[in-house]
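Step one of this worksheet: look at the structure below.
Throughout, a chain's letter reflects where its sequence line sits, starting with A, and its residues are numbered from 1.
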Amino acid sequence: VVALINKIYKDKLVLDKLKHAYKINTPQGLQITSFLKNTAYINLLKSVKSSKFNKMEIRDMYSFFEANCGALQIFKSKEFISFVSALIGKHFRGAEYSLRMFMHRSYTLINDKSTSQTPEFYFDLTPGWNDAWGGYIAYITDEGIKVITPNHPNSIIIAEGSKSYVKYVNSLSNSRGRLMIYGRLK
Amino acid sequence: MRRRITEQEICSLRELFTKAAPFPHVSISNFLSDPNTAYRSIQKEKFYLKDSDLFTFLQTNNLQYAKSEGMKKIVKYLLSDNFCKLVSSITKVQMEGKAVDLFGSLYLKNHHLLCHDDLVEDRKIAFILYLCENFSVQDGGSLALYTSKKGHPDKLAKKYSPIFNSLLLFKVSKSSWHEVQEVVSDKSRYAISGWLH
């Protein structure tokens, strides 16, 4: 089995720092940059670009394009599940996930089902995205604190206990799309 | 404050309102008798950025606390029994009181308000008074109305581009799905919005 996660995050001291940050951050969670090894990230990017997307829309909840592809199995690999279990300090059996593309007029809205009992994650696959185009991931805590996460290809956001949304992608994006993998641990 | 609306026009508006799809609504053109004063007044108001998952636009504080004389006059009329009676006679909806929520809004390029139903507390009728230069479809900023299916918005049924000095009324219900589409030009989309309860 080839290791896919950047080895720096396997280091005990680094992992301990991440565990601490995950617990103390508001909202609870963190964003890890350069998450996959560069070769693994590039291979993943190549694989997902040939995916066939379907439009998913319930207009008062979300509108985006979704696909699934074999390469996403990284996110249910033993390596990934062991890493997030160690990070969060809970045992997870696996994850459910999908590949999402946000183009002009895509968005997700906060709704009653937005707060999950299990942690969620976003893996960013979009180089060169500009937050002025929308499409950024934001979190709202129960206290109303809003945190906008910086876009960063090959980064993963793992969070729990707060509500997240993907901001409406506006016309400045032209025909560009923001690719991300959204998943939940189980 | 508003131009004279005859009984005959009220009957005609009532019919349009009742029969309108996807939910009861009507647009009244040339509503104010002196819209240019209103236009100048709203431009003097202070707007604050409102940004969330659902929207990005600029909004005033409650206009009941407006300071300019021009805006005070408009607000006084929109909060009056006369306005409430006029809306009631067009919509055949009995209101318990006058408008309580009254805000100025300003949509600039890329601003938008995604699909929602406006159903908050006991709102009965929503109104929007456009105080901006006329928008074409190419400018964006249209008010889009959607049909309802299984409790969610479904198909786009009608679109209204903002027309200077027109008042749009619609009945608030769990099926009054609507959105303000993204403004894609450099025009400033000023309006006063409120709800009758």
Count the heavy atoms of every other residue, nucleotide or ligand shown that sit under 6.0 Å from NZ of A/K10, and state whether that count exceeds 12. yes
If you compare all heavy atoms of A/K167 against all heavy atoms of B/F55, which two are closest, and at what distance to 0.1 Å? NZ-O, 3.0 Å
Nearest atoms (heavy-atom pairs only) where B/G151 meets A/D60: O-OD2, 4.3 Å
Are A/L15 and A/F121 linked, directly or through other ILVMFWY residues, by side chains that come within less than 4.5 angstrom of each other? yes
To the nearest 0.5 angstrom, please state how far the OG atom of A/S171 sits from the CD atom of B/Q181. 12.0 Å
Given heavy-atom pairs under 4.5 angstrom as the criterion, report whether the side chain, backbone, both or neither of [X] touches chain A.
{"X": "B/L114", "answer": "side chain"}
{"X": "B/H116", "answer": "neither"}
{"X": "B/H111", "answer": "neither"}
{"X": "B/Y146", "answer": "side chain"}

Strictly less than 4.5 Å between heavy atoms, which residues of residues 34-53 of chain B line up against chain A? Please order them by number. B/D51, B/S52, B/D53
Tabulate, in ascending numerical order, the residues of residues 14-25 of chain B having at least one heavy atom closer than 4.5 Å to a heavy atom of chain A, or enter 'none'. none
Measuring heavy-atom distances to chain B, does A/T108 have an atom under 4.5 Å in its side chain, in its backbone, in both, or in neither? backbone
